[in-house]
There are 2 protein chains.
Amino acid sequence: MSSQQPESAPRPDSAPPTPPPTPLTPPQLQLGVDRTSPVPLYFQLAQQLEAAIERGRLAPGSLLGNEIELAGRLGLSRPTVRQAIQSLVDKGLLVRRRGVGTQVVHSQVKRPLELSSLYDDLEAAGQRPATRVLRNTVEQATAEVAAALGVPQGAEVLLVERLRYAHDEPMAFLRNRLPVGLFDCDTERLESTGLYRMMRSAGITLHSARQKVGARAATAEEAERLTEHPGAPLLTMERTTFDDTGRAVEFGSHIYRASRYAFEFQLLVRP
Amino acid sequence: MSSQQPESAPRPDSAPPTPPPTPLTPPQLQLGVDRTSPVPLYFQLAQQLEAAIERGRLAPGSLLGNEIELAGRLGLSRPTVRQAIQSLVDKGLLVRRRGVGTQVVHSQVKRPLELSSLYDDLEAAGQRPATRVLRNTVEQATAEVAAALGVPQGAEVLLVERLRYAHDEPMAFLRNRLPVGLFDCDTERLESTGLYRMMRSAGITLHSARQKVGARAATAEEAERLTEHPGAPLLTMERTTFDDTGRAVEFGSHIYRASRYAFEFQLLVRP
DNA sequence: GAGTGGTCTAGACCACTTG
DNA sequence: AAGTGGTCTAGACCACTCC
């Protein structure tokens, strides 16, 4: 099965027209799966390949070796190997071309951003984030909120308003509406962590979000809350977040100080 | 093959303990593949299911019927049916739960936005877009541009500056840098279509983009170009676009009138 | 023509959810 | 216990790319 090829050992008995055309490239690259593990085989392989790419052991542009050979080397079937490779293609780490092979993507495409959480973003950037909850009550859904959350107009929804600080400076004013009864929206926890983290720990699997990002000049009231001057440029975002069943779980209308914050994210083109 | 079942014809000869437990839900829903077509079978099935969901013939939340039965009904193998279903799960139209089944997502998640092209956005919105090319030359890459495009600092890159109008009003100032020799960047075509459309027709397959969206006040020069007043809020975007091999194919630094434009897009959470 | 990925089949066993 | 999706196998033929 996984007999390693002699690489460039000259074979004196036969004279092939061309010397071994160096089929290498995923050279030795120790790969191997653990069949006693509960982790799926395709997932183990995908992890190992991803790690190898990340560490540069698989150089950008290098070919991966064909699927059949890889399957044989690992003692896996071809569909399983394909499943592993496909998951990395979906992540943008590998490219497949028929008749050519599978190669590591050229370039420095870094890990795509998740659904961005301001709290996590700030924490990752080393800015010590803090939150002050201004309101945490129940209100009746306006037409706009009802449409966004998919509830009847006038139905009860949670209203949460927060000021987010970084280094004791206000950065953003966050206003969220959530369906009631979705999870326990405790004010104390809201002040010590982010909304998305609370949702995840409540067993909600976030799936997608529809966002609208714009800008406008600060009103007097907004300026005061954010310690800007009236007319200062503000970044605005409206976002409706859906879980994996397609339910809307959150509708946010946020305002950021443009002088302090910008959105970074990655878009994938769906063919 | 696709012999239609008698549905609810009572069978007088046998008396099942329970009357047909209504296994329905993808009720009659005429499905069928064309094996003479060059279109892959899984793709044909996915298209039909997607169309049925879109037209409401498969209601949100309804179960799809198990894979084996579906495969039998269509004369396909289970892996092929799974491939079709998986593609719709990836699109966010279906949800699978082990032990439960596959159901249509609850809610109105509309088609996710593609990598947004301002030109296409405006055209779709019925605003007749127009473009004036201000510059279309070659320059030497600054450190920032070189880093974004992955070329050596000082290397030659294409510089394109455009004003984009809607209804004869300026909407945005677009500045792009591109690797030289990527495709023919003709000024006349630039004025009559969008950059992305030109890339696609040159055989470049767009794959992903890294974006940064912010806001700031207009300088005097910017205000004049966009017929705003100095200090007016502007929406800014920096975007590096990559093709399917991971090459950077474009680096854009754009400015939009916040009074006229906002970004809308969909983010997917990668598990 | 040789080699690659793209598609497809007909089975199999397991883990999970539900009654 | 029954039914579902999740994983896996060992083959097969085709379309495309490159020599």
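In the text below, chain A, chain B and the rest are named by the order of the sequence lines, each starting its count at 1.
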Send over the distance from I68(A) CD1 to dG3(C) C1', rounded to a whole Å. 10 Å
Whole-Å gap separating C1' (dT7(D)) and CD (Q86(A)): 16 Å
Rounding to a whole Å, what distance do you find between L41(A):CG and dG6(D):C1'? 12 Å
Who are the side chain to side chain donor-acceptor pair (under 3.5 Å) partners of Q103(B), not counting sequence neighbours? none
If you measure from the Lys or Arg side-chain nitrogens to the Asp or Glu carboxylate oxygens, is any gap between K91(A) and E50(A) under 4.0 Å? yes
Does S77(B) place a side-chain N or O at less than 4.0 Å from the phosphate oxygens OP1/OP2 of dG11(C)? no
Please report, rounded to the nearest Å, how far the P atom of dT9(D) is from the CG atom of L45(A). 11 Å
Between R82(A) (CZ) and dT9(D) (P), how many Å, whole number? 15 Å
Before giving the answer on side chain to side chain donor-acceptor pair (under 3.5 Å), spell out for Y42(A) and Q86(A) the whole-Å C-alpha distance, their side-chain angles and the decisive distance to 0.1 Å. CA-CA 10 Å; Y42(A) 80 88; Q86(A) 186 59 49; over 6 Å; no
L76(B) has an atom CG; how far is it from atom P of dC8(C), in whole Å? 8 Å
Report, as a single string ordered 5' to 3', how protein heavy atoms within less than 4.0 Å touch nucleotides 12-19 of chain C: B base, S sugar-phosphate only, - not at all. B--BBB--
Please pick, from dG6(D), dC8(D), dC8(C), the nucleotide with the shortest atom-to-atom distance to any side-chain atom of R96(B). dG6(D)
Please check: side-chain N/O of Q48(B) versus main-chain N/O of G32(B), any donor-acceptor pairing under 3.5 Å? yes
Tell me whether the side-chain N/O atoms of T102(B) come closer than 4.0 Å to OP1 or OP2 in dG5(D). yes
Is there a side-chain polar atom (N or O) of Y42(B) under 4.0 Å from OP1 or OP2 of dT7(C)? yes
Run the side chain to side chain donor-acceptor pair (under 3.5 Å) test on T205(A) and D243(A) for me, step by step, so that the C-alpha distance in whole Å, both residues' side-chain angles and the decisive distance to 0.1 Å come before the verdict. CA-CA 5 Å; T205(A) 306; D243(A) 73 358; over 6 Å; no
Please state how far atom CD in E67(A) lies from atom P in dG11(D), giving the value in whole angstrom units. 17 Å
dT4(D) OP1/OP2 closer than 4.0 Å to side-chain N/O of N66(B): yes
Neighbour count above 12 (heavy atom, 6.0 Å) for Q47(B) CD: yes
Could you give the CD1-to-P distance, from I85(B) to dG5(D), as a whole number of Å? 7 Å
List the residues meeting side chain to side chain donor-acceptor pair (under 3.5 Å) with R78(A), not counting sequence neighbours, and say none if there are none. E67(A)
At 4.0 Å (heavy atoms only), tell me whether P40(A) reaches a base, stays on the sugar-phosphate, or touches nothing. sugar-phosphate
